Number of protein chains: 2
Amino acid sequence: MSTATVSRALSSPDRVSEDTRARVFRAVEQTGYTLNQAARSLRQRNSRTILVALPDIGNTFFSVVLDAIEREAVLRGYSVLVANRFAGHDSGRRLHEYFLSNRADGLLLLDGSVPLESLLALAAPPAGVPLIMACEDIACAPFHSVRTDNEFAAEVATRHLIGLGHRGIGHIRGPDGNVLTEEREAGYRRALTAAGIAIRPEWILPAGFDMQQGLAAAERYMALSSRPSAMFAANDETAIGFLSGLRQHGLDCPRDVSVVGFDDLAFAAHFWPPLTTMRQPREALGRIAAEALIDLIEGEPRRRVPRHTVLSSELIIRGSTRAFAPASQRPAPVV
Amino acid sequence: MSTATVSRALSSPDRVSEDTRARVFRAVEQTGYTLNQAARSLRQRNSRTILVALPDIGNTFFSVVLDAIEREAVLRGYSVLVANRFAGHDSGRRLHEYFLSNRADGLLLLDGSVPLESLLALAAPPAGVPLIMACEDIACAPFHSVRTDNEFAAEVATRHLIGLGHRGIGHIRGPDGNVLTEEREAGYRRALTAAGIAIRPEWILPAGFDMQQGLAAAERYMALSSRPSAMFAANDETAIGFLSGLRQHGLDCPRDVSVVGFDDLAFAAHFWPPLTTMRQPREALGRIAAEALIDLIEGEPRRRVPRHTVLSSELIIRGSTRAFAPASQRPAPVV
DNA sequence: AAGGGAAATGCAATCGATTACATGCAGCCA
DNA sequence: TGGCTGCATGTAATCGATTGCATTTCCCTT
């Protein structure tokens, strides 16, 4: 029996006779044969592997998205390569190395800070690498994308605080240069403006997406001469760090300050106080992005028009927000 | 110029003349050539890729370890494939598919519940796949491993509670069938026994490694007719869920119960109360495991004697533990 | 100038699966 | 029986980089 027949028996069983098929399967079973993926990749010019590039796997937000991506990929018969801390001076070169080399058939990019020109070069012929941006989109980039409606969600979060009677509402910003930072701040501003509340720039505290920065933001908050009674934090980690910092200064949430986060990490519900937050559908983000990428890889002909999928976030009200009460009406602090 | 020369210029630059080398590099630059990894893998019978198999990427413990693994791997010129939710009825088959197929050169297994026989088959000739177990070891398995001294760390954690004057000390167990569960419980028992404290089996609450199970453990705790004044939780997530559950019943930590966790997740320090816990050196675990695996892959001849690296954990004392005080001496609950 | 040796390069086989094309074979109809 | 159809299988080229071996080039020595 020739190798050609064996190959056909394994990859398109209905093209060989029943007898042959049975013999091949039996032989495979007995000898423990597995096909050499490298040889197949070389010949077929694909690898049935996707590359997921993200800024920080260690961050629980991304790791849950990655979880969903991996699950969907395996379902569709793909392996998952991860590239962590992707953005950086050499991200263009790294992209180049991963593709045009039959290592991965497509790129799932969870990092909006990769230089657009590298991506354009990658997605354009002759490389023509299928590419999906997820979570962090690059504005106006001509790629398919899957994300949440950050601006609207931020507006909803801020409106929630307004609805509770707060008028002094500050914002803890994400890292500079991140799309999400801008979108969430824009939503925050929009909500205030719509409610006729003036924006006080000194109440927009620079921070980042991690707890340390949230902690630092608490210091800035304490240093304010006049302090807002509520804060909308760019994400849950920042909110948690901020609350932790407030506590060190003897302030209590929600008695003294109401705080809304963003993401609804698993920890948010068990934190004290349980965090009011905008839930991002992280599993759905990952799953839909992976689906879209694999469709793009397998689809013929390639869909040219970028499709932007926008998922919505959900306000989860917990204990970290409460109706505004003037300082005089608040219970005395417990010592 | 022949392809052979080009190949040599790129992979061992000192074997060609300076002139040729310069011409090759210039041509590579101009044409944007990248080598086809599949072809190289086919010829060299390796893939410069490692497979990391873990039970749950979404879990922040593992994702931080994975972060360190990826960093080390990239440093050594390796790519990282991830296989999530690895243990399962088909884990043997999945292992089989990944290896003997030139997809990965070695396996970094973070999951102690994969059937030992599959692993033995994989590691034995003819496959002879380099394999390192990390975090969760399998007792007596003949593989290199990198882990923390769980039993001793659990003993230290429990001793800390004993040192604070607690005599009623319970334990929130990890998931059944997990090595870590057994090791940590053993350390807990050892500390109590050494201190001459009788073990009360009803104070060893079954749970698991996640917050939901910790929450459920709080219910079991509340249902006890006589309750211990301190608990050692199998990990931080469990501890956090447990504390969250206690709060719902109006109990306060550390006033009513002291709690020690395990892992020192990033959230532990910012939780309220800040969690006393055994810090696992997660970055070191990941880095050392990746180093060991790549050494094993590249080492010739293969080292036959399994080497077990045991890292130590560190007790981080924070606010969730406090000296024992009889109920009568505790401040009255605040309403 | 001839010869020797080392360095540089070319030639061609090789890795293993896939696949276009050729061949073989059975069954069927006229 | 001859020829046609269509399925099953075999043959051999192919993917692209690597590498053992052969050959060329170049330099140095005598």
Side-chain angles (χ1 to χ4, degrees), chain A residues 1-49 77-79 96-105 126-129 297-298 300, chain B residues 1-49 77-79 96-106 125-129 297-298 300:
Chain A
M1 184 178 307
S2 76
T3 62
T5 305
V6 175
S7 174
R8 278 186 286 252
L10 293 176
S11 54
S12 42
D14 47 339
R15 284 175 40 82
V16 300
S17 73
E18 193 173 339
D19 177 49
T20 312
R21 200 184 318 149
R23 275 163 56 211
V24 169
F25 286 148
R26 190 154 10 96
V28 164
E29 194 70 29
Q30 282 174 8
T31 61
Y33 164 90
T34 21
L35 101 160
N36 185 316
Q37 188 63 38
R40 167 182 276 185
S41 293
L42 177 59
R43 179 65 224 243
Q44 295 194 328
R45 321 184 128 273
N46 69 29
S47 58
R48 293 194 74 78
T49 297
Y78 281 72
S79 301
H96 196 69
E97 282 181 8
Y98 269 109
F99 295 97
L100 292 98
S101 72
N102 252 350
R103 253 148 113 128
D105 298 338
V129 174
I297 290 169
E298 298 183 344
E300 285 300 344
Chain B
M1 185 180 303
S2 75
T3 62
T5 305
V6 174
S7 173
R8 277 187 285 253
L10 293 175
S11 54
S12 43
D14 48 338
R15 286 176 40 82
V16 301
S17 72
E18 193 173 338
D19 177 50
T20 313
R21 201 185 317 149
R23 276 163 54 211
V24 169
F25 285 150
R26 191 155 9 96
V28 165
E29 195 71 27
Q30 283 174 7
T31 61
Y33 165 89
T34 20
L35 104 161
N36 185 314
Q37 187 63 39
R40 166 180 277 186
S41 293
L42 176 59
R43 178 66 226 239
Q44 295 194 329
R45 320 182 128 273
N46 68 29
S47 58
R48 293 194 74 77
T49 298
Y78 280 72
S79 301
H96 195 68
E97 282 181 9
Y98 269 110
F99 295 97
L100 293 96
S101 73
N102 252 353
R103 253 148 113 128
D105 298 338
V129 174
I297 290 169
E298 298 182 345
E300 284 300 342

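Hydrogens, waters and symmetry mates play no part in the numbers below; they use all other heavy atoms, side chains included. These numbers were taken from a predicted model, which means no experiment stands behind them. Reminder, nothing fancy here: chain letters follow the sequence lines and each chain counts from 1.
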J.: Mind listing the closest non-hydrogen atom pair of A:Ser17 and A:Thr20 along with its distance?
T.: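 Smallest heavy-atom distance, with atoms named: OG-OG1, 2.6 Å.
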
J.: How far apart are the closest heavy atoms of A:Ile297 and A:Tyr78, and which atoms are they?
T.: CG2-OH, 3.6 Å

J.: Say you draw a straight line from CD of A:Glu298 to CZ of A:Arg48; how long is it, rounded to the nearest 0.5 Å?
T.: 5.5 Å

J.: What string of B, S and - do you get for nucleotides 5-15 of chain C 5' to 3' if you count protein non-hydrogen atoms under 4.0 Å?
T.: ---SBBB-BBB

J.: Looking only at non-hydrogen atoms, find the nearest pair between A:His96 and B:Gly32 and report the distance.
T.: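 Closest pair (atom of A:His96, atom of B:Gly32, distance): NE2-O, 3.5 Å.
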
J.: Quickly work out the A:Arg103 CZ to D:dG16 P distance and round it to whole Å.
T.: 17 Å

J.: Distance check: side-chain N/O of B:Ser7 vs OP1/OP2 of D:dT18, anything under 4.0 Å?
T.: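 For D:dT18, OP1/OP2 do have a side-chain N/O of B:Ser7 under 4.0 Å.
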
J.: Mind listing the closest non-hydrogen atom pair of A:Arg45 and A:Asn102 along with its distance?
T.: C-OD1, 3.5 Å

J.: Quick one: side chains of residues 4-15 of chain A, donor-acceptor pairs under 3.5 Å with protein atoms, not counting sequence neighbours, listed by atom name and distance.
T.:
| unit_1 | atom_1 | unit_2 | atom_2 | d |
| --- | --- | --- | --- | --- |
| A:Thr5 | OG1 | A:Ser2 | OG | 3.2 |
| A:Ser11 | OG | A:Ser7 | O | 2.8 |

J.: Testing the basics here: between A:Ser79 and B:Arg103, what is the closest heavy-atom pair and its distance to 0.1 Å?
T.: OG-NH2, 2.7 Å

J.: Would you mind reading off the distance between A:Arg48 atom CZ and C:dA17 atom P, rounded to a whole angstrom?
T.: 17 Å

J.: At how many degrees, to 10°, do the end axes of the helix from C:dA1-D:dT30 to C:dA30-D:dT1 meet when each uses five pairs?
T.: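 Terminal axis comparison yields 60°.
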
J.: Determine the minimum heavy-atom distance between A:Ser47 and A:Ala104, stating which atoms define it.
T.: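 That would be OG-CA, 3.4 Å.
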
